[in-house]
Amino acid sequence: MKIVYISSSAIPSRAANSIHVMKMCQAFAKNGHEVVLLAPDRKAEYEPSVGDCYEYYGVEKCFEIVKIPWLPLKGRGYIYGFLAARKAKELSPDLVYCRNAPGCYFAARFGQPVFFESHAPLEDAGKISDWMFRKIIKDPNLQKLVVITNALKDYYEKNYPATRNKIQVAPDGADPIPPDIEPVVFPNAGKRLQVGYVGHLYRGRGIEHIASLALACREWADFHVVGGGQDDLARCISEFSYIDNLYFHGFLPYVDAQNFRVGCDVLIAPYQEDISIAGLGKGNTLQWMSPLKIFEYMAAGKPIICTNFPVLREVLVDKKNALLCHFCSQVEWIEALASIRDDSFLGKSLGENAYSDFIKKYTWGSRAQRLMSQPDKSLS
């Protein structure tokens, strides 16, 4: 099958959505499909000094990337969607897979069979996008609406009845970590618990919570943070400079972050109640999210401590493949960290169970395969 994938992501960039797009294009291609990725030429958002996009994301060069103009005009997102859909039609695909609502709308209007993947309610994207979405879901060319959580599926079925019988739940995923990867070796490894966090440092990701945990566990744990934009990173380094067991390593390319994760004793995801969207600093994805971070943590085979939110319990099971704690209870988090420190069997069991669940259900390859072969079944 020939698949044209219409993305909204700046590639290359640090945005999690760009990782998702590149990994899914690779997965479709490795499952035997011919894939062409259409992406906006958003040069101002590109990660500087990236020579090879494929290498940067740790994917094989098994699909083509075509950049579509991102014009300096009002409404350029809708113009991009039209241009991308027109390009898709020129390529004569069997399927247009869309992470872009305008692109999906126009592709369907051009008579192309489409899948549309949504990670949050389209009404949050504005009136025009919501109007387009309402048209898309009634269009006979829409073959499937892909959502990342059961919570989002329930929302769409309740608020957009026309989506019923077209929805497939497909949580996010990750790639298995290569067996020959060399873990980062921290200076106090084996002497103190090495706690890792990989992700953004903006509102809702829990960096203040991590700082308070580092202070409380000062005698026996080191906390390592990878990620963050320049401004957020500078702010955190300045604000928490007095905490001598909290280390900020800055941004690492996707491939290098794997070495970091497997070098830690435990990986944490202290999400808070208000979680903003990357690059926007606004919005709240708490009800619908399926974070890449969780699946990348599971792939590392390390014990995970995560916030106990309902949407995350679609993947994580307390005391089976993770330890789940209330977002504002420092006591619960300290006790969870101490249990990993004191009970090596518990840590090993949690890590092995998380890895087993990941391999069974959450690799990019299995996600792509099921999306193509199971039109009416959930992946969760």
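Computed from a predicted structure; not experimentally measured. The analysis underlying the following values was restricted to heavy atoms, covering all of them including side chains, and did not include hydrogens, waters or symmetry mates.
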- Message: Between Y46 and S13, is there a side-chain heavy-atom distance shorter than 4.5 Å?
- Response: no
- Item | Side-chain donor/acceptor of H33 to backbone N/O of V35, under 3.5 Å | no
- Item | Common cluster, F223/L233, ILVMFWY with side-chain heavy-atom separation under 4.5 Å | yes
- Message: Measuring centre to centre across the rings, with the benzene-like ring taken for any Trp, is W364 within less than 6.0 Å of H20?
- Response: yes
- Main-chain N/O of L201 paired with R235 side-chain donor or acceptor, under 3.5 Å: yes
- Item | salt_bridge(D357, K320) N-O dist < 4.0 Å | yes
- Query: Within 45° of the axis and under 6.0 Å from the centre of the six-membered ring of F251, does NZ or CZ of R14 qualify?
  - Reply: yes
- First locate atom CD of Q330, then atom CG of L213, and finally report the distance between them rounded to the nearest 0.5 Å. 5.5 Å
- Q168 and L145, any side-chain heavy atoms less than 4.5 Å apart: no
- Query: Are Q194 and N188 close enough, and set up right, to give a side-chain contact (heavy atoms from CB on, under 4.5 Å), and what steps lead you there?
  - Reply: CA-CA 8 Å; Q194 302 301 305; N188 293 315; 3.8 Å; yes
- Reported CD-to-SG distance for the pair E60 and C25, which is rounded to 0.5 angstrom: 13.5 Å
- Message: Looking at Q272 and P270, would you say the former's side chain and the latter's main chain have a donor-acceptor pair under 3.5 Å?
- Response: yes
- Query: How far apart are the C-alpha atoms of H119 and N17, what are their side-chain angles, what is the distance that settles it, and do they pass the side-chain contact (heavy atoms from CB on, under 4.5 Å) test?
  - Reply: CA-CA 10 Å; H119 289 206; N17 55 56; over 6 Å; no
- Distance, nearest 0.5 Å, that separates CG of L371 from CE of M24: 5.0 Å
- Message: Hydrophobic cluster membership, with links at side-chain heavy-atom distances under 4.5 Å among I/L/V/M/F/W/Y: are L73 and F106 in one?
- Response: yes
- Message: Taking the ring centre of each residue, are F63 and Y54 less than 6.0 Å apart?
- Response: yes
- Flag if over 12 foreign heavy atoms under 6.0 Å of CD, E157: yes
- Residue pair L71, Y80: steps toward the side-chain contact (heavy atoms from CB on, under 4.5 Å) verdict: CA-CA 8 Å; L71 302 174; Y80 164 75; over 6 Å; no
- Message: So that I can tick it off, tell me whether R134 and D130 are bridged by a salt bridge, with the cut-off set at under 4.0 angstrom between side-chain N and carboxylate O.
- Response: yes
- P303 side chain reached by L267 side chain, heavy atoms, under 4.5 Å: no
- Flag yes if more than 12 heavy atoms outside K61 fall under 6.0 Å of its NZ atom; otherwise flag no. no
- Item | Salt bridge present between E45 and R42 (N-O < 4.0 angstrom) | yes
- Query: Does R218 come within less than 4.0 Å of D244, counting only side-chain N to carboxylate O?
  - Reply: yes
- Item | Heavy-atom side-chain contact between P291 and Y271 under 4.5 Å | yes
- Query: Salt bridge or not for K302 and D265, using N-O below 4.0 Å?
  - Reply: no
- Quick one: pull up CD1 in I305 and CD1 in I268 and give me the separation to the nearest 0.5 Å. 7.0 Å
- Message: Does M372 form a side-chain contact (heavy atoms from CB on, under 4.5 Å) with I3? I'd like the steps, not just the answer.
- Response: CA-CA 11 Å; M372 292 298 108; I3 300 172; 4.2 Å; yes
- Counting distance only, does the side-chain N/O of N321 pair as donor-acceptor with the main-chain N or O of V317 below 3.5 Å? yes
- Message: Just checking N159: does its CG atom have more than 12 heavy atoms from other residues, nucleotides or ligands closer to it than 6.0 angstrom?
- Response: yes
- Item | Pair E219-K191, salt bridge (Lys or Arg N to Asp or Glu O under 4.0 Å): steps then yes or no | CA-CA 11 Å; E219 299 300 319; K191 300 175 184 177; over 6 Å; no
- For residues N245 and W220, determine if any side-chain heavy atom of one lies less than 4.5 Å from a side-chain heavy atom of the other. no
- Task: Specify the closest pair of heavy atoms between L346 and S339, including all atoms of both residues, with the distance to one decimal.
- Result: CD2-OG, 3.7 Å
- Query: Out of curiosity, E208 CD to C236 SG, how far, rounded to the nearest 0.5 Å?
  - Reply: 6.5 Å
- Item | Backbone N/O of P102 and side chain of S129: donor-acceptor pair under 3.5 Å | no
- Query: Is it true that atom CD of Q230 has more than 12 heavy atoms of other residues, nucleotides or ligands lying nearer than 6.0 Å?
  - Reply: no
- Is the gap between the ring centers of Y160 and Y156 under 6.0 Å? yes
- Task: Supply the atom-to-atom distance I243 CD1 to L215 CG, rounded to the nearest 0.5 angstrom.
- Result: 4.0 Å
- Scan L37, D41, L38 and name whichever one has a side chain to side chain contact (heavy atoms under 4.5 Å, CB included) with K67. D41
- Task: Determine yes or no for a side-chain-to-main-chain donor-acceptor pair under 3.5 angstrom, with S373 supplying the side chain and Q369 the backbone.
- Result: yes
- Message: Could you check whether any side-chain N or O of S7 sits under 3.5 Å from a backbone N or O of S9, counting only pairs where one atom can act as donor and the other as acceptor?
- Response: yes
- Task: Might you point out which heavy atoms bring Y362 and E314 nearest each other, and give the distance in Å?
- Result: OH-O, 4.1 Å
- Item | Salt-bridge criterion met for R192 and D222 (N-O under 4.0 Å) | yes
- For the rings on H209 and W333, is their centre-to-centre separation under 6.0 Å? yes
- Message: Would you say that Y155 contacts P121 through its side chain, given a criterion of any heavy-atom pair below 4.5 Å between the two side chains?
- Response: yes
- Query: Just by modelled atom types, is the F116 backbone N or O under 3.5 Å from a matching donor or acceptor in the R99 side chain?
  - Reply: no
- Message: Is it the case that the side chains of Y57 and S18 hold a donor-acceptor pair, with the cut-off being a distance below 3.5 Å and no angle test?
- Response: yes
- Is F327 linked to V266 within one hydrophobic cluster, defined over Ile, Leu, Val, Met, Phe, Trp and Tyr using a side-chain heavy-atom separation of less than 4.5 Å? yes
- Query: Do M1 and Y5 sit in the same hydrophobic cluster, where Ile, Leu, Val, Met, Phe, Trp and Tyr count as joined when their side-chain heavy atoms come under 4.5 Å apart?
  - Reply: yes
- Query: Using the benzene-type ring in the case of Trp, are the ring centres of F260 and F186 under 6.0 Å apart?
  - Reply: yes
- For the residue pair K23 and D175, what are the closest heavy atoms and their distance? NZ-OD2, 2.8 Å
- Of all heavy-atom pairs between A84 and I68, which one has the smallest distance, and what is that distance? N-CG2, 4.0 Å
- Query: Are the side chains of V146 and S118 in touch, meaning some heavy atoms are under 4.5 Å apart?
  - Reply: no
- Please report the closest heavy-atom contact between A108 and N141, naming both atoms and the distance. O-ND2, 2.9 Å
- Query: Are the side chains of V255 and E55 in touch, meaning some heavy atoms are under 4.5 Å apart?
  - Reply: no
- Check: Y105 ring centre within less than 6.0 Å of F133 ring centre: no
